[in-house]
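Have a look at the structure below before the remarks.
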Amino acid sequence: MPAPPPDARSFLSEVISVEPCGDDGVLLALRPELALPTVRASRFFMLRREDGLSPAIPRPFSIYRQRGDVLEFLLKVMGRGTRALAACAPGQLVRTIGPLGNGWPALDGDGPPWVMLAGGVGIAPFYMGIEQALAGMDGRTPCKPSQLHLLFGAARSGLLYDLAALEALGARVLTATVDGSHGLRGNVLELLAREQASGAIPREVRLLACGPERMLEAVQHFADERKLECWLSLETMMGCGVGICNACPVPTKPDGPRGAWPNVKCCVEGPVLKTDEIALHA
Ligand SMILES: Cc1cc2nc3c(=O)[nH]c(=O)nc-3n(C[C@H](O)[C@H](O)[C@H](O)COP(=O)(O)OP(=O)(O)OC[C@H]3O[C@@H](n4cnc5c(N)ncnc54)[C@H](O)[C@@H]3O)c2cc1C
Ligand code: FES
């Protein structure tokens with residue numbers, strides 16, 4: 001049975017700050033009681049207030065940023081769990097379990113450019129993804145800024161969270177909004193098609209995506225049709241986050257590299273899965 005990562009721990013963190021971000025989000029900064037080495041982008045932590053005001057089951061969140069000993073999370077307020085975390089005051093304690101999951105593959109500068117497709121709060125795993133790609137991962141060749149394209153989409157401009165900070169990282173950043181309030185009127189795949197048609201992004205790219213399920217299904221379809229390498233960071237509902245409760249199955253392709261077993265557990269085998277392994281779209 002797939003096991004949780006050996007470096008995962010359960011510990012307390014102190015809330016340093018909670019800052020509004022976009023129309024419905026917050027940036028939650030936590031100082032863990034133990035020192036954490038650099039966390040790979042697109043790994044995640046389960047978070048729950050320690051004062052009993054969170055639901056009993058902690059909620060999963062991607063690491064957004066790591067600054068010295070401070071971990072930052074970008075939270076979209078959805079329901080009880082995110083509301084409770086967003087209402088934290090400095091000094092409060094948060095149960096923190098992680099780092100969990102696998103994270104992005106090594107984002108190297110040796111192959112085709114990387115196109116990062118983010119939908120709404122699906123931007124969370126990309127801030128450190130860009131930082132780590134530019135710095136070099138796993139001893140591989142670092143990416144040049146020109147090899148990283150971030151295509152960030154949302155329903156409207158107020159949901160393009162922390163855009164200025166993302167633009168400052170050095171990758172090429174383009175936006176799309178459904179209502180046309182920022183960037184292209186449309187979605188990130190339409191934006192990618194436009195960029196490829198103009199030659200600004202080549203046809204052969206490596207794709208990374210995180211966002212709503214419907215968006216990821218469309219990205220998988222796009223990648224399958226064009227036989228592009230593509231990794232999805234899935235935000236499947238989770239219970240335990242460590243492989244015990246079976247709350248997070250993701251269907252696999254019967255003829256894919258995972259073999260005949262019909263599901264993977266997103267928490268311990270993901271949240272990053274390659275599109276040749278899984279079957280999001282029919
Ligand atoms: C690996 C991973 C990383 C994540 N990273 C982030 C992140 O960085 N930032 C962030 O804001 N969110 C992230 N999420 C999603 C986040 O965990 C959920 O939004 C959160 O659990 C909602 O809890 P809640 O108690 O506020 O809402 P609930 O009361 O549990 O639910 C409120 C509503 O949101 C829906 N919902 C809840 N969870 C999800 C989900 N995962 N996908 C789609 N709909 C959902 C419910 O169906 C319900 O309609 C991540 C999820 C996973 C699995
Ligand atoms: S969330 Fe419990 S097994 Fe994945």
Side-chain angles (χ1 to χ4, degrees), residues 1-5 8 10 18-30 39-49 53-66 71-88 94-104 116 118-129 152 154-155 159-162 166 208-217 231-251 261 263-273 278 280:
M1 192 176 88
S10 172
V18 185
E19 302 289 342
C21 186
D23 287 354
D24 62 358
V26 295
L27 280 169
L28 170 68
L30 301 178
V39 178
R40 194 181 190 89
S42 205
R43 294 188 75 192
F44 67 99
F45 291 79
M46 305 289 288
L47 302 181
R48 183 186 69 192
R49 279 170 73 141
L53 294 182
S54 283
I57 298 176
R59 304 296 200 242
F61 300 96
S62 301
I63 177 76
Y64 180 61
R65 211 158 28 204
Q66 200 174 4
L71 305 178
E72 272 187 75
F73 297 90
L74 172 62
L75 272 58
K76 179 184 178 75
V77 177
M78 298 282 290
R80 267 187 67 207
T82 42
R83 245 194 331 269
L85 288 166
C88 276
V94 171
R95 173 63 51 189
T96 312
I97 303 164
L100 298 167
N102 52 3
W104 294 125
M116 303 173 161
V121 77
I123 193 65
F126 288 115
Y127 189 97
M128 283 179 54
F152 189 4
L159 303 177
L160 293 170
Y161 306 98
D162 214 17
L166 289 150
L208 306 171
C210 184
E213 207 172 309
R214 293 266 311 272
M215 170 189 147
L216 296 188
E217 285 173 15
W231 290 259
L232 306 178
S233 185
L234 301 176
E235 295 193 346
T236 315
M237 300 269 207
M238 289 185 183
C240 66
V242 293
I244 297 166
C245 72
N246 284 327
C248 62
V250 179
W261 187 255
N263 292 298
V264 287
K265 290 185 184 185
C266 187
C267 63
V268 282
E269 295 172 89
V272 176
L273 291 158
I278 54 171
L280 294 186

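In this text, all values refer to a predicted model and were calculated from it rather than measured experimentally. Numbering of ligands and ligand atoms starts at 1, following listing order.
For atom 51 (C) of ligand 1, a protein heavy-atom neighbour is present inside the 4.0 Å cut-off. At least one protein heavy atom sits closer than 4.0 Å to atom 21 (O) of ligand 1. Distance screen at 4.0 Å: atom 18 (C) of ligand 1 has no protein heavy-atom neighbour inside the cut-off.
Of the candidates P60, A124, S62, it is P60 that places a heavy atom closest to atom 13 (C) of ligand 1.
The nearest N, O or S atom of C240 is closer to atom 2 (Fe) of ligand 2 than 2.8 Å. Using a cut-off of 2.8 Å, one finds that C267 contributes an N/O/S atom close to atom 4 (Fe) of ligand 2. Note on C245: counted as a metal contact of atom 2 (Fe) of ligand 2, an N/O/S atom lying under 2.8 Å.
Taking every heavy atom of both residues into account, D24 and L159 meet most closely at OD1-CD2, 3.5 Å.
Between the side chain of R43 and the backbone N or O of P99 there is at least one donor-acceptor pair closer than 3.5 Å. Side-chain N or O atoms of R65 include none that pairs as donor or acceptor with a backbone N or O of I63 at under 3.5 Å. The backbone N or O of P125 sits less than 3.5 Å from a side-chain atom of W104, completing a donor-acceptor pair. No side-chain donor-acceptor contact under 3.5 Å links E269 to the backbone of P2.
Protein heavy atom in closest approach to atom 23 (O) of ligand 1: R59 NE, 3.2 Å. Of all protein heavy atoms, the one lying nearest to atom 36 (N) of ligand 1 is M237 CE, 3.6 Å. When only non-hydrogen protein atoms are considered, atom 43 (C) of ligand 1 lies nearest to E235 O, 4.7 Å.
Residue contacts with ligand 1 do not include V77, since none of its heavy atoms lies under 4.0 Å from the ligand.
Annotation for ligand 1: atoms under 4.0 Å from non-hydrogen atoms of F44 are 1 (C).
Taking the six-membered ring for Trp and thresholds of 30 and 60 degrees, Y64 and Y127 have ring planes inclined between 30 and 60 degrees apart.
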